[in-house]
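Worksheet for the structure shown next.
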There are 2 protein chains.
Amino acid sequence: MAQAGRRPGSTNTREQILAAARNQFAEKGYDGATIRGIAAEAGVNAAMVHHYFGSKEQVFASVMRFPMNPHEVIGEVLSGPRDEVGERMVRLYLRLWQEPESRAMFLGLVRSVTTTEQTAALVREFIEQVLFVRISETLGVPRFRISGALSQLVGMAMARYVLRVEPMASADDDEIVAMIAPVIQSYLTASST
Amino acid sequence: MAQAGRRPGSTNTREQILAAARNQFAEKGYDGATIRGIAAEAGVNAAMVHHYFGSKEQVFASVMRFPMNPHEVIGEVLSGPRDEVGERMVRLYLRLWQEPESRAMFLGLVRSVTTTEQTAALVREFIEQVLFVRISETLGVPRFRISGALSQLVGMAMARYVLRVEPMASADDDEIVAMIAPVIQSYLTASST
DNA sequence: GTCTATAATCGGATAGAC
DNA sequence: GTCTATCCGATTATAGAC
């Protein structure tokens, strides 16, 4: 005979909190977001957030986990015709900025790197130890030039999604690609210093 | 006969507060900085800050005034050989990031634009109404391409001064110019779309 | 699992003495 | 011009009832 009633234990509260936290951190950054605000958006009591995650910092850490496998996604860009790597990279980046989960992660990171050195250190390490290593050993391009490409991508996102300067904010993805991809391509192709 | 004693009235307290505020806002952004912290660094009582400036917002506004005439400095870049405008722009930008006053202003803006929409709106307006207008009417380049150049400069500063990613953080100014200036030049030269 | 109550800080702003 | 004292609001985090 089947056991009666619903099993005690995991509801979806944890997921609701996580989703709310994603939004709040994306909108306001680490300092600006509050446990109370997250709890309110999740429709639960503030104490529940502590119950599930322990501290604000741990909620943040849970939200900022990369929503997809970085190695996989990098590999996807680095394979394929060498003379189109710039375009593939820009298109991937724009796609990440459009999917809700990774977009929220990016926004949260941007809004936190600038104000808390802890987050800055985290991102810096990922860039230096994962991105630069992987890209430079695959493409044979010096790190300085990769950092040039990276800086262009970061700046584009700042202008388009954070500052929302026109006409960049309202441009089509294709227009962005047409303008930015050649620059990325040249950073990753020219093999000077 | 000369009047005896020192005239009552303005001491240099106001300037001390302003200098302290510049540092605090640069380090922590608008939200992170506190009136109490500013007062402490200035060596005065917290009430003095309100006495001189009224509110935290007004202190911020006073600090964020451009320390030099924007029109003058833009004119300096836009005059001169057309095929070197990219290099002049990058060099000016790097110089502004090195002089303490403008550097503090930039850092304060970066650390606030990302977290408070009010500051973002301020900067957005300056970029759209002053920078874009002036540059596009002088060089005859479409705004979209100017925004590309701007985004590259913003991203470079983020990587070099905020994230401090290596090797970009420790590179010489000349290396930065050698890599970035051609990109800026191409944004401001190519006259497509 | 969920909530109330509360401890312990810290923030901006103001009133008013000297 | 400068300071003390204080109001009022908001925050993270915890203890413990149900």
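In what follows, every chain begins at residue 1, and chains take the letters A, B, ... in the order their sequences are listed. Side chains are part of it too, since the values below use all heavy atoms of this structure and drop only hydrogens, waters and symmetry mates. The structure presented is a predicted model; accordingly, all values stated were derived computationally and were not measured.
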Closest contact, heavy atoms only, S136(A) versus V141(A):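 So the two residues come closest at CB-O, 3.3 Å.
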Which label fits Y93(B) and F106(B): parallel for a plane angle under 30°, tilted from 30 to 60°, or perpendicular past 60°?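 Correct class here is tilted.
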Pairwise N/O distances under 3.5 Å, protein to nucleotides 10-14 of chain C:
{"residue": "dG12(C)", "atom": "OP1", "partner": "I35(B)", "partner atom": "N", "Å": "3.1"}
{"residue": "dG12(C)", "atom": "OP1", "partner": "K56(B)", "partner atom": "NZ", "Å": "3.4"}
{"residue": "dG12(C)", "atom": "OP2", "partner": "I35(B)", "partner atom": "N", "Å": "3.1"}
{"residue": "dG12(C)", "atom": "N7", "partner": "R36(B)", "partner atom": "NH1", "Å": "2.6"}
{"residue": "dG12(C)", "atom": "O6", "partner": "R36(B)", "partner atom": "NH1", "Å": "3.4"}
{"residue": "dA13(C)", "atom": "OP2", "partner": "H50(B)", "partner atom": "NE2", "Å": "3.1"}
{"residue": "dA13(C)", "atom": "OP2", "partner": "K56(B)", "partner atom": "N", "Å": "3.0"}

Rounded to whole Å, how long is the line connecting atom [atom1] of [X] with atom [atom2] of [N]?
{"X": "N45(B)", "N": "dA5(D)", "atom1": "CG", "atom2": "P", "result": "11 Å"}
{"X": "H51(A)", "N": "dA17(D)", "atom1": "NE2", "atom2": "P", "result": "17 Å"}
{"X": "M48(A)", "N": "dG16(D)", "atom1": "CE", "atom2": "P", "result": "19 Å"}
{"X": "Y52(A)", "N": "dA13(D)", "atom1": "OH", "atom2": "C1'", "result": "18 Å"}
{"X": "Y30(A)", "N": "dT11(D)", "atom1": "OH", "atom2": "P", "result": "14 Å"}
{"X": "R14(A)", "N": "dT2(C)", "atom1": "CZ", "atom2": "C1'", "result": "17 Å"}

Tell me whether Q58(B) at atom CD has more than 12 heavy atoms from other residues, nucleotides or ligands lying less than 6.0 Å away.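 Above 12, so yes.
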If the condition is ring-ring contact (aromatic ring centres under 6.0 Å, His included), which residues does F66(A) pass it with, not counting sequence neighbours?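 Listed in chain order: nothing, the list is empty.
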We want to know whether E87(A) and Q185(A) form a side-chain donor-acceptor pair, criterion being a heavy-atom distance below 3.5 angstrom.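 No donor-acceptor contact under 3.5 Å links the two side chains.
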Considering residues at least two apart in sequence or located in another chain, which fulfil the side chain to side chain contact (heavy atoms under 4.5 Å, CB included) criterion with E84(B)?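 E84(B): side chain to side chain contact (heavy atoms under 4.5 Å, CB included) contacts with P81(B), R88(B).
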